[in-house]
Amino acid sequence: MTITLALSKGRIFDETLPMLARAGIEVLEDPERSRKLILPTSRADLRVVLVRASDVPTYVQYGGADLGVAGKDVLLEHDGTGLYQPLDLRIARCRMSVAVRDDYDYAGAVRQGSRIRVATKYTQTARQHFADKGVHVDLIKLYGSMELAPLTGLADAIVDLVSTGSTLKANHLVEVERIMDISSRLVVNQAALKLKREPLRALIDAFAAAVAEKP
Ligand code: PRT
Ligand code: MG
């Protein structure tokens, strides 16, 4: 019975690696050097598949992978049917925030009840956030480089992930609201959890032990 773990290249892969190592599992190929999308591990019954970060829930939901690691940002935009989320891995941490140009009076616009144009990849989360605040927004869906939107006049504000804040700073943007803290979660296919119960439970427990060891 082979188990397939879906990861995205970059920070999620890099931060999941040490957690696997604590469980005695080594990924046998480096995704930055190889063009392979299926990577063997030191355990014959476990393989890693590399997918786009936003595709991880889809792979797991439809059984293309038994489990995966996905950011809360991605999961909130995805309909969670068929996904079991047993664990916050506390990796790839950042926050989701509202940011504007440093010369834009966000508080004033909100106070006056103006309609604000907001560009984001995270339309569900943004819609919910502004609805909760009673702020009227027009949402513009983007797939990347959100920081550019306020600089070009496409939008008044963006909703994006912030980690060090240096991307905002480099583009003369300021964080005006923190919406929520973000970290990556383990997601498991519910049908697989029944069919491959023993090995999946063991893996989830190993991840849980690795999380518990984290400072
Ligand atoms: O890059 P790609 O388009 O393939 O997909 P992706 O951007 O969804 O993947 P990836 O690997 O970049 O991010 C995977 C997950 O890491 C996200 O879903 C988040 O849960 C998490 N994460 C943690 C982050 C960041 N920190 C982060 N800083 N994802 C993105 N960023 C970006 C942010 O969007 C902004 O452009 O980094 C920039 C800000 O960083 P600072 O340090 O300058 O503030
Ligand atoms: Mg990225």
Side-chain angles (χ1 to χ4, degrees), residues 5-20 27 30-39 48-61 64-65 67-80 83 85-102 118-126 128-129 139-152 154-155 157-188 207 210-211 214-215:
L5 169 66
L7 298 175
S8 52
K9 247 161 90 161
R11 63 191 112 218
I12 288 188
F13 183 88
D14 297 345
E15 294 188 43
T16 302
L17 221 53
M19 305 192 90
L20 288 171
V27 180
D30 176 0
E32 301 303 331
R33 290 161 167 274
S34 151
R35 302 186 80 89
K36 282 190 190 164
L37 297 174
I38 301 181
L39 312 177
V48 169
V49 292
L50 296 175
V51 305
R52 280 294 286 268
S54 47
D55 290 336
V56 168
T58 309
Y59 267 83
V60 176
Q61 180 172 19
L67 74 175
V69 177
K72 186 180 174 187
D73 51 317
V74 164
L75 290 167
L76 285 171
E77 295 294 315
H78 194 271
D79 128 65
L83 285 181
Q85 293 185 38
L87 208 54
D88 180 354
L89 297 174
R90 295 171 51 207
I91 60 169
R93 294 167 89 164
C94 57
R95 55 194 186 269
M96 195 177 295
S97 295
V98 181
V100 299
R101 262 168 68 153
D102 55 14
V118 179
T120 187
K121 185 164 147 185
Y122 309 102
T123 48
Q124 305 287 345
T125 314
Q128 188 65 52
H129 172 71
L139 291 173
I140 301 171
K141 168 85 182 183
L142 290 179
Y143 292 88
S145 302
M146 265 82 83
E147 295 87 0
L148 197 56
L151 306 179
T152 53
L154 178 68
I158 58 171
V159 168
D160 195 8
L161 302 177
V162 182
S163 148
T164 60
S166 52
T167 305
L168 292 182
K169 206 168 173 200
N171 291 293
H172 307 286
L173 301 174
V174 288
E175 198 176 356
V176 285
E177 259 162 27
R178 283 189 181 210
I179 301 178
M180 67 178 78
D181 289 328
I182 299 287
S183 58
S184 288
R185 317 285 156 123
L186 200 61
V187 289
V188 186
F207 272 111
V211 174
K214 281 167 86 84

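Start at 1 and go down the list; that is how both ligands and their atoms are numbered.
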Participant: Which of the atoms in ligand 1, numbered in the order shown and given with their element, are less than 4.0 Å from a heavy-atom of G71?
Facilitator: 20 (O)

Participant: Polar contacts were defined as any N/O atom of the residue lying under 3.5 Å from an N/O atom of the ligand; does this apply to K72 and ligand 1?
Facilitator: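 K72 vs ligand 1: no N/O contact under 3.5 Å.
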
Participant: Need the ligand 1 atom indices (1-based, order shown) with element for anything under 4.0 Å from a heavy-atom of T164.
Facilitator: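 Near T164, the atoms of ligand 1 are 41 (P), 42 (O), 43 (O), 44 (O).
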
Participant: Mark yes when over 12 heavy atoms from residues, nucleotides or ligands other than K169 sit less than 6.0 Å from its NZ; otherwise mark no.
Facilitator: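 No, the 6.0 Å shell around NZ holds no more than 12 heavy atoms from other groups.
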
Participant: Under 4.0 Å, heavy-atom basis, I'd like to know which part of R52 is in contact with ligand 1: side chain, backbone, both or neither.
Facilitator: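 Answer for R52: side chain.
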
Participant: Could you check atom 21 (C) of ligand 1 against the protein and tell me its nearest heavy-atom contact, residue, atom and distance included?
Facilitator: A92 O, 3.6 Å

Participant: Listed by chain and number, what are the salt bridge (charged side-chain N to carboxylate O under 4.0 Å, His left out) partners of E15, not counting sequence neighbours?
Facilitator: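 Counting only residues at least two positions away or on another chain, E15 forms no salt bridge (charged side-chain N to carboxylate O under 4.0 Å, His left out).
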
Participant: Search all heavy atoms of T58 against all heavy atoms of S54 and return the closest pair with its distance.
Facilitator: OG1-O, 4.3 Å

Participant: Supply the atom-to-atom distance Y59 OH to L5 CG, rounded to the nearest 0.5 angstrom.
Facilitator: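 Spacing of OH (Y59) from CG (L5) equals 13.5 Å.
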
Participant: Please state whether S54 comes within less than 4.0 angstrom of ligand 1, counting heavy atoms only.
Facilitator: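 It does not, in that no heavy atom of S54 comes within the 4.0 Å cut-off of ligand 1.
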
Participant: How does A53 reach ligand 1, by side chain, by backbone, by both or by neither, if only non-hydrogen atoms under 4.0 Å count?
Facilitator: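 Only the side chain of A53 comes within reach of ligand 1.
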
Participant: Name the closest protein heavy atom to atom 33 (C) of ligand 1, giving the residue it belongs to and the distance to 0.1 Å.
Facilitator: L161 O, 3.3 Å

Participant: Suppose we measure from atom 15 (C) of ligand 1 to each protein heavy atom; which comes out shortest, and what is that distance?
Facilitator: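 The closest one turns out to be I12 CD1, 3.8 Å.
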
Participant: Got the closest protein heavy atom to atom 10 (P) of ligand 1, with its distance?
Facilitator: R11 NE, 4.1 Å

Participant: Quick test: of every protein heavy atom, which one is nearest to atom 7 (O) of ligand 1, and how far off is it to 0.1 Å?
Facilitator: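 I find the closest protein heavy atom is K121 NZ, 3.6 Å.
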
Participant: Considering only heavy atoms from C-beta outward, does the side chain of L161 approach that of D73 to under 4.5 Å?
Facilitator: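 With C-beta onward as the side chain, the pair touches.
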
Participant: So, does S166 sit close enough to ligand 1 that a heavy atom of it is under 4.0 Å from the ligand?
Facilitator: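 Heavy atoms of S166 do come under 4.0 Å of ligand 1.
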
Participant: Would a distance-only check, ignoring hydrogens and angles, find a side-chain to backbone donor-acceptor pair under 3.5 Å from T120 to V159?
Facilitator: yes

Participant: Quick one: look at D160 and ligand 1, take heavy-atom pairs under 4.0 Å, and tell me if it's side chain, backbone, both or neither.
Facilitator: side chain

Participant: With atoms numbered from 1 as shown, which atoms in ligand 1 lie under 4.0 angstrom from a non-hydrogen atom of I182?
Facilitator: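 Within the 4.0 Å cut-off of I182, ligand 1 contributes 20 (O).
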
Participant: Which distance, rounded to the nearest 0.5 Å, do you find between the CG of L173 and the OG of S97?
Facilitator: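 Separation between the atoms: 12.0 Å.
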
Participant: Applying a 4.0 Å heavy-atom criterion (strictly less than), which segment of E175 is in contact with ligand 1: side chain, backbone, both, or neither?
Facilitator: neither

Participant: Applying a 4.0 Å heavy-atom criterion (strictly less than), which segment of D73 is in contact with ligand 1: side chain, backbone, both, or neither?
Facilitator: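 It is the side chain that touches ligand 1; the backbone stays farther off.
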
Participant: Measure the CG-CD1 distance between L142 and I158 for me, rounded to the nearest 0.5 Å.
Facilitator: 9.5 Å

Participant: In the protein, which heavy atom is nearest to atom 11 (O) of ligand 1, and how far is it?
Facilitator: K9 O, 3.7 Å

Participant: Looking only at heavy atoms, which two atoms of V60 and G68 are closest? And how far apart?
Facilitator: CG2-N, 3.7 Å

Participant: Got the closest protein heavy atom to atom 43 (O) of ligand 1, with its distance?
Facilitator: T167 OG1, 2.5 Å

Participant: With a 4.5 Å cut-off on side-chain heavy atoms, are V174 and L168 touching?
Facilitator: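 Not touching, per the 4.5 Å side-chain cut-off.
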
Participant: Give a yes-or-no answer on whether the side chains of Q124 and H78 include a donor-acceptor pair shorter than 3.5 Å.
Facilitator: no

Participant: Residue-level breakdown please: for V74 versus ligand 1, do any non-hydrogen atoms fall below 4.0 Å on the side chain, on the backbone, on both, or on neither?
Facilitator: side chain

Participant: Can you list everything that forms a salt bridge (charged side-chain N to carboxylate O under 4.0 Å, His left out) with K9? Sequence neighbours excluded, please.
Facilitator: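 Not a single residue meets the salt bridge (charged side-chain N to carboxylate O under 4.0 Å, His left out) criterion with K9.
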
Participant: For atom 1 (O) of ligand 1, is there a protein heavy atom at a distance under 4.0 Å?
Facilitator: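 No, because not a single protein heavy atom sits under 4.0 Å from atom 1 (O) of ligand 1.
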
Participant: Could you measure the distance from the CZ atom of R95 to the CE atom of M180? Nearest 0.5 Å is fine.
Facilitator: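 Here the interatomic distance stands at 14.0 Å.
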
Participant: At what distance is the nearest protein heavy atom to atom 36 (O) of ligand 1, and which residue and atom is it?
Facilitator: E147 OE2, 2.9 Å

Participant: Considering residues, nucleotides and ligands other than F13, do more than 12 of their heavy atoms fall under 6.0 Å from its CZ?
Facilitator: yes

Participant: Is S163 in contact with ligand 1, taking contact as a heavy-atom separation below 4.0 Å?
Facilitator: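 Heavy atoms of S163 do come under 4.0 Å of ligand 1.
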
Participant: Number the atoms of ligand 1 from 1 as they appear, then name those within less than 4.0 Å of a heavy atom of V162, with their elements.
Facilitator: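 Counting atoms of ligand 1 from 1, those under 4.0 Å from V162 are 44 (O).
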
